[in-house]
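Whatever order the structure lists them in is the order used to number ligands and atoms, beginning at 1.
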Amino acid sequence: MDYKAYIAERLPVEGVSREEIEESISVPPDAGLGDYALPCFKFAKILRKPPVRIAEELAAAFPGDGVISGAEAVNGYLNFKIDRRGLAEDTLSRITREGERYGSSSLGAGKTVCIDYSSVNIAKPFHIGHLSTTVLGGALYRIYAFLGYRVVGINHLGDYGTQFGKLISAYKRWGDRDEVQRGGIHAINDLYVRFNREATEEMEAEAREYFRLIESGDEEAVGLFGWFKQLTLDYVQTIYEKLHVSFDSYAGESFYIDKMEPVIGELQEKGLLTESRGAKIVDLEPYGMPPFLVLRSDGASLYGTRDLAAAFYRKQVYDFDKCLYVVAYQQNLHFKQLFKVIELMGKDWAKDMVHVAYGMVSLEDGAMSTRQGKVVWLEDVLDRCVEKALSIISEKNPALENKEEVAEKVGVGAVMFGALCNNKIKDIVFSYEKALNFDGETSVYVQYTCARASSVLAKAGEYGAFSCPEPNEQEFGLVRALADFPDTVRAAAEKYEPSLIARFAVDIAQKFNKFYFDCKILQAESEERKAFRLALTRATLTALTNALTLLGIGVPEKM
Ligand code: ARG
């Protein structure tokens, strides 16, 4: 609820615009004075009256209602109080009514958003670097869908390039069919690493030849490549299931090989293509950028060429209103160039392309650090975190049933939350200990709070309708925060920042726990209060569940 706007709308001041009034309203440092205040000093000149009188007159004319109970003039300030009971009643009945839809809207009805995320490379490890794009993209996917958009999740596979020639060469030299089938991506990666370690001039030439064979559709080469691709996809699928993400399209780079020509033709036609040392480029110097490479001197396409074709394809097939690329900030320049080229081609939809950049994730734990030249497989990080979660849970609550299941939600959630809880552009250092801290600003803390709320509700058994008493400080703090969820979801979509939802969840959990420790729920002073507090507990559980679900994190009933 945008209270400032709400107040400004009901407070006409002659000669002053509504926007100006809205901007002048602030939150007083002392809540005892009111929830919002408008200083009237600025208006003295325009209205030719002393501020004290202006405040008094405005106070007398302000209509109180179930949202803002009224206005009071104090020393030239106009102080407003939120109608706490009104807000509690509205918020709780809305959450009760909307349940798992609370926070959703139809804002995006009729609009389409494409989200390019995860976009793994075939035959390469799924490492910790893919964590952010996968979970951020997955969260944005659910957030936009929750707001009524049609969302198209695209895994722009890195499935094209000379490295696949190397892989075939390595496989033919040292590979064993059964071993690779069994070892999957790990076996493929080993072959690839070995090739790079031992490669001679002759082997490199052979690899180029194999790549050429893939391109020309040679049955054996294409077959082997298809097999490697399938093994990679089978493997990443198991990780996607753990992280609760899915895709509507796996059209990767190779998909665009036969779709580049018309786009390159259009570049040519529009006079944008120039030659530079045999290569074809789009000159971006006037825009302070290096040239965008379209074709190498040997005629081969590049990563950018395939992205250009992909953008046109997506526009044509999905007719998107927005096309997001959830890719690390290392590719800032690439996307700036790509979007510029599209703009230069005269496409007004260039403005709808967004690079959702994010920072790097590294591990605090030295034993698994990339610096020693070792890749950190995401799978290992997830397994390890689940294992640690299991040991903590077993210690805290030995009698808990389904410990493994809970540990999976807690451990995987902690890794995901690590990539979701900070402003996305920040580099993060992941620490198992911090991520699994039951009292920190963590997913575990939020999950634990959900379990606490569930347990209170289970103990209460049936409880019926409630009527709202005047909320006390703790109750009101919680209600007010809960009421913000729909705005938070919208802001998260607008700013491509799921961390807003993560922070909302932590904030609600903190406020709920304050309420839980300061106010008796089951032993409340009256039946009316008890019913109200139970409704508040139920609403908290609903909002937290919705928040975690949007982030892709599971909610255990007991912990
Ligand atoms: N496969 C690429 C990488 O790992 C990311 C692709 C991102 N998406 C895109 N349309 N360029 O770096």
Check ion pair [X]-[Y] (N to O, under 4.0 angstrom):
{"X": "Asp319", "Y": "Arg314", "value": "no"}
{"X": "Arg212", "Y": "Glu209", "value": "yes"}
{"X": "Lys172", "Y": "Glu206", "value": "no"}
{"X": "Lys270", "Y": "Glu266", "value": "yes"}
{"X": "Glu198", "Y": "Arg194", "value": "yes"}

Take Tyr303 and His334 through the ring-ring contact (aromatic ring centres under 6.0 Å, His included) test and state the conclusion after the steps. CA-CA 9 Å; Tyr303 176 62; His334 167 73; 4.7 Å; yes
For ligand 1, protein residues within the heavy-atom limit of under 4.0 Å are Asp116, Ser119, Asn121, His156, Tyr303, Asp307, Tyr325, Val327, Gln331, Phe335
